[in-house]
Amino acid sequence: MSKEFKSYSMELAGRTLTAEIGRVCAQANGAVLMHYGDTVVLSTATASKQPREGIDFFPLSVEYNERQYAVGKIPGGFMKREGKPSENAILTDRVIDRPMRPLFPKDYRNDVTLENLVMSVDPDCSPELTAMLGTALAVTISDIPFDGPCAMTQVGLVDGKFVFNPTNAEKKNSELQLTVASTSEKVIMIEAGAKEVPEQVMIDAIFEADKVNKQLIEFFAKIRAEIGKEKHSYASAAIPEELFAAIREVIPQEEMEIAVFNDDKQSRDAAVDKLTERCKEAFAENEEWIKLIPDAMYQYEKKTVRKMILKDHKRPDGRQITEIRPLAAEIDLLPRVHGSAMFTRGQTQILDVCTLAPLSEVQKIDGLDVEVKNKRYMHQYNFPSYSVGETRVSRGPGRREIGHGALAEKALLPMIPSEEEFPYAIRCVSETMESNGSTSQASVCASSLALMAAGVPIARPVAGISCGLVTGDTDDDYLVLTDIQGLEDFFGDMDFKVAGTEKGITAIQMDIKIHGLTRPIIEEAIAKTREARMYILNQIMNPVISEARPDVSQYAPKIVQIKIDPKKIGDVVGKQGKTINKIIDEFGVTIDIEEDGSVNVAGLDRAQIDKAVQTIKNIVTEIEEGQIFTGKVVRILEFGAFVNLTPNKDGMVHISKLADRRVNKVEDVVNIGDEVTVKVIKVDPVKDRIDLTLRPSDLKAEEKQN
C-alpha cells in the first residue's frame with residue numbers, strides 16, 4: 001500500500017527545495033520530509049496534550065540528530081552506533097531554537113519537541129539549513145500554537161558579491177558565514193562568522209537574506225493555507241491581573257524601583273527576595289496565589305526595570321545608556337602556563353588560559369561534513385556555579401557552555417596564523433570567575449590577550465561587546481543599551497553580541513525575545529557595538545599587550561617545521577618505525593610527519609630540536625663528496641673507524657685519514673662514542689660505501705673553500 005502525500009517545491013538559490021508532507025510520521029503534530037538538492041532531513045514537531053505542572057517557563061526541546069549513514073559512513077568505535085551529539089549538532093540545535101522560541105505563546109506550558117533527523121547529505125546543500133526550514137514548516141502546519149511561519153537563509157561573500165546558501169566550494173572562498181532568520185515582517189535571529197567584514201557590508205547582507213526569507217515564508221504560508229491544521233487551545237499560564245494589583249498594594253512601584261536600582265547583583269537579589277517574602281506573608285491564606293508569587297514578582301521586577309530604562313532612561317546600576325561598566329585587563333596571572341589573561345567588565349570576569357601543542361594534538365572531527373576532518377584552534381568555555389554565587393555540581397559542559405565557546409572561537413579564528421606561519425595546535429579555555437552578563441564577549445577579549453601573551457602571532461587583537469534592547473508599544477518606541485548586565489539581559493528584548501577588530505566584524509550572535517527587529521534597531525546596535533569595541537581595544541586591551549610576543553613561553557614546546565620529499569618519508573620512519581623512534585629517544589622530541597612531506601619537530605630544548613632536524617635532513621639528503629657531517633664513532637676496526645652520519649647511514653674513516661700524522665692505532669685518535677666532524681671524500685653507490693676523512697687539513701681546506 002502506498003501512502004498519499006503532498007509534495008511542494010520551489011527554487012531556492014539555484015537548487016530545488018521540496019517539502020513532502022503526509023508521507024511519513026503521520027502521528028506527529030507536524031512532520032515534513034524536507035529535500036534540498038540531495039540532502040534529506042526529517043523534521044517533526046510534537047506537543048504534550050497537557051501542560052507540565054509546576055514550571056514557570058515554556059518547555060521547548062530542539063534536537064538535531066546526525067546519522068553517519070547520511071554520508072555513507074559507519075560510526076567508529078566498538079558500538080558502531082552514533083553516540084552523544086557532536087558539537088556541530090548542539091550548535092545547530094541552538095541556531096534553530098533561538099528564532100523559534102519567541103514565536104510560541106509566552107503563557108504556553110505544554111512540552112514541545114522539535115526533532116530533526118539528517119538522512120542524506122549533499123555537500124552543496126547544507127543539512128543544517130534544511131533542518132531549520134523543515135522545523136519552521138513542521139510547526140507552521142501543525143496544530144501547535146505558533147506565530148509563524150519563519151524562515152532562514154545562509155549568506156556568503158565571495159569576490160565582493162553575496163552568495164545565498166553557498167555551496168562547499170563557495171564556502172571555502174567566502175569572507176562571510178551568515179545565517180539570518182526572519183518572519184514576514186522582521187529579522188528575528190542573526191548568527192555570523194566573518195573575516196573582518198565592514199559593518200555596512202554586514203548590514204546589507206542581513207537584509208538581502210531577509211528578502212530571500214520572505215520568499216520562503218510566502219511558500220510556507222501557501223502550504224499552511226492548503227493543509228495546515230487548526231491550532232489547538234491550551235490552558236494559559238498567565239498571572240491573573242488581580243494578583244498583580246494586590247501585589248502593587250503591598251509593594252508600591254517606588255519601593256520596587258529602590259530594590260532593583262543597585263549595581264551589585266547580590267544586594268539587588270537580596271532586596272527583591274525580602275519583598276517577595278513580604279508578599280508571601282501578605283497572601284499566606286490564599287494557596288492559589290502563594291504558588292504564583294515567585295513568577296508574579298519576577299514579572300513585576302521585569303516591568304519595573306523596563307519602565308525605568310525606556311521611560312526614565314535609568315539603568316539599574318546607574319549607568320548612562322551608552323556607558324560601559326568599569327573595565328580591566330591583565331596578563332601572565334599563571335606562571336607555568338603558556339599564556340594567560342584576565343578580562344573584567346563590572347561583575348563579569350573571565351580568566352583565559354592558552355596552551356600550545358604539536359599539530360598531532362589537533363582535534364579530530366568525525367562529522368557529516370567530509371571536508372572538515374580536524375580542528376587546530378579550539379576554544380572552550382566553562383561556567384561553574386560559583387561564578388553566580390550558586391551551588392551546583394558540575395556535570396560537564398552543557399549546550400550554553402558549548403555555544404559560548406564556539407562563539408568566541410568563531411570570533412578569533414580569522415586572526416589565527418596559518419600552520420605554515422605557526423605550526424601549533426592551539427587551545428584556549430575561558431574560565432568564568434564571575435558572571436553578570438555577556439561572559440561570551442569577555443571571553444573573546446580575554447582569549448585575544450592570552451593568545452598574544454602566549455606568543456601566537458594573531459593578525460590583530462579582537463574584542464567583543466553586547467547591546468541590549470527595551471521596546472515599547474510601537475516599532476519607534478525603543479532604546480538600545482550598550483554593555484548589558486544580567487538583569488538587562490533577562491528583562492530586556494535582545495542580546496546582540498558583536499566581536500571584531502579595528503577593521504571589521506568577525507562574529508555576531510543575536511538572541512531576541514520579541515517578534516523581530518527593524519532595520520533601524522539593527523543598524524543602531526551594530527554602530528554602538530563598534531564604538532564600544534574600539535574603546536575596549538584602544539583604551540583597555542592595547543595598553544596591556546597589542547601584539548604577540550616574539551617568542552613562545554619557556555614552558556611551551558618549540559616547533560620547527562621543514563619540508564621533505566614525500567618519497568623520503570619511509571627513510572625517516574624506518575623499518576617498523578625504528579629510525580624515527582631512535583631520533584625521538586635520542587633528542588627528546590616529538591615528530592609529526594604529514595603525507596605532503598611536512599615534518600614538525602617539537603620539544604622544550606631548542607638545541608636538541610635543531611639536532612633532530614639536522615638528523616632528518618641528513619637522512620633525506622643524498623650524501624655527496626665534500627659534505628661535512630658531525631656524527632658519533634660507532635665501530636672501530638684495525639684499519640679504521642666507522643662514524644654514524646644519519647640513523648641509517650655509516651661512513652668509514654681509514655686509519656690513514658684520521659690525522660695529518662701517521663697513526664699506529666685507531667684508538668690513539670678516536671674511541672667508540674666520540675662525536676667527530678668528518679668530510680665525505682668518496683661515495684660508492686655500487687658497494688654502498690662512504691669514505692670519510694678526519695684530517696684537520698682536509699676540513700680546513702673545506703672551510704677556506706666555503
Side-chain angles (χ1 to χ4, degrees), residues 9-18 34-41 64 66-73 86-89 91-92 95 118-134 151-180 190-198 201-202 204-206 208-209 211-213 215-216 362-377 406 409-410 413-421 459 504-508 594-596 598:
S9 296
M10 69 170 285
E11 289 302 302
L12 179 63
R15 285 146 283 171
T16 302
L17 179 74
T18 300
M34 188 69 85
H35 299 249
Y36 190 32
D38 286 340
T39 292
V40 181
V41 177
Y64 176 80
E66 298 172 320
R67 294 289 189 262
Q68 293 289 319
Y69 58 66
V71 289
K73 292 165 62 176
S86 68
E87 187 172 292
N88 178 68
L91 296 175
T92 304
V95 171
V118 182
M119 308 186 76
S120 176
V121 174
D122 177 344
D124 287 335
C125 297
S126 164
E128 294 86 358
L129 175 69
T130 308
M132 295 172 197
L133 297 175
M152 302 184 205
T153 294
Q154 295 176 335
V155 186
L157 181 63
V158 180
D159 297 329
K161 296 181 179 179
F162 296 133
V163 179
F164 301 104
N165 302 337
T167 64
N168 242 0
E170 289 168 335
K171 286 178 182 177
K172 289 178 182 177
N173 298 316
S174 179
E175 299 290 308
L176 173 66
Q177 291 183 342
L178 170 68
T179 302
V180 178
I190 302 169
E191 176 97 10
K195 297 177 181 177
E196 299 181 291
V197 168
V201 174
M202 183 68 76
D204 291 343
I206 291 168
E208 287 300 313
K211 292 178 183 177
V212 178
N213 284 337
Q215 297 172 18
L216 282 160
V362 299
Q363 183 180 0
K364 303 294 189 294
I365 305 294
D366 187 20
L368 300 187
D369 189 341
V370 295
E371 297 291 328
V372 180
K373 297 179 180 178
N374 56 60
K375 185 160 67 170
R376 173 174 158 250
Y377 173 60
E409 181 177 294
K410 188 182 293 183
L413 188 59
M415 298 296 103
I416 298 296
S418 66
E419 278 187 24
E420 292 73 23
E421 185 182 357
I505 294 171
T506 58
I508 293 180
E594 302 294 332
E595 292 180 359
D596 66 353
S598 298

Close side-chain approach of Asn213 and Leu216, heavy atoms under 4.5 Å: yes
Student check: side-chain heavy atoms of Phe162 and Asp204 closer than 4.5 Å: yes
Stepwise side chain to side chain contact (heavy atoms under 4.5 Å, CB included) check, Leu157 with Val163: CA-CA 6 Å; Leu157 181 63; Val163 179; over 6 Å; no
Residues, nucleotides or ligands: over 12 heavy atoms within 6.0 Å of Glu87 CD: yes
Interatomic distance, Thr153 atom OG1 to Gln215 atom CD [nearest 0.5 angstrom]: 8.5 Å
Val41 vs Met119 side-chain heavy atoms within contact, under 4.5 Å: no
Pairs meeting criterion salt bridge (Lys or Arg N to Asp or Glu O under 4.0 Å) with involvement of residues 162-180, two or more places apart: Lys172-Glu371
Heavy-atom pair with the smallest gap, counting every atom of Thr39 and Pro127: CG2-CA, 3.7 Å
Expected output: side-chain Asp124 to main-chain Asn168 donor-acceptor under 3.5 Å: yes
Side-chain donor/acceptor of Ser9 to backbone N/O of Thr18, under 3.5 Å: no
Other residues, nucleotides, ligands: >12 heavy atoms within 6.0 Å of Glu421 CD: yes
Leu133 and Leu12: CA distance, side-chain angles, deciding distance, side chain to side chain contact (heavy atoms under 4.5 Å, CB included) verdict: CA-CA 12 Å; Leu133 297 175; Leu12 179 63; 4.1 Å; yes
Shortest non-hydrogen separation from Val118 to Glu66 and the atoms involved: CB-CA, 4.4 Å
pair Glu208-Val180: side-chain heavy atoms closer than 4.5 Å: no
Atom NZ of Lys73 with >12 non-hydrogen neighbours under 6.0 angstrom: yes
Heavy-atom side-chain proximity of Lys195 to Leu176 below 4.5 angstrom: no
Side chains of Lys410 and Glu191 in contact at under 4.5 Å (non-hydrogen atoms): yes
Where Lys375 and Ile365 come nearest, the two heavy atoms and their spacing: N-CG1, 4.1 Å
Backbone of Asp38 reached by a side-chain donor or acceptor of Ser120 within 3.5 Å: yes
Close side-chain approach of Gln154 and Gln177, heavy atoms under 4.5 Å: no
Verdict with reasoning, Val95 to Met132, per side chain to side chain contact (heavy atoms under 4.5 Å, CB included): CA-CA 8 Å; Val95 171; Met132 295 172 197; 3.4 Å; yes
Check against side-chain hydrogen bond (donor to acceptor under 3.5 Å, both in side chains), Thr506 and Glu196: CA-CA 5 Å; Thr506 58; Glu196 299 181 291; over 6 Å; no
Side chain to side chain contact (heavy atoms under 4.5 Å, CB included) between Arg15 and Asn165, worked out: CA-CA 10 Å; Arg15 285 146 283 171; Asn165 302 337; 4.0 Å; yes
Nearest-0.5 Å distance, OG of residue Ser86 to CG of residue Leu368: 7.0 Å
Sub-4.5 Å side-chain heavy-atom contact between His35 and Leu17: no
Asp122 side-chain N/O to Gly37 backbone N/O, donor-acceptor pair under 3.5 Å: no
Over 12 foreign heavy atoms within 6.0 Å of NZ, Lys364: yes
Atom CG of Asp159: over 12 foreign heavy atoms under 6.0 Å: no
For the student: nearest non-hydrogen atoms of Val155 and Ala209, plus distance: CG2-CB, 3.5 Å
Shortest non-hydrogen separation from Met202 to Leu178 and the atoms involved: SD-CD1, 4.3 Å
Shortest non-hydrogen contact between Asn88 and Tyr64, atoms and distance: ND2-CE2, 4.2 Å
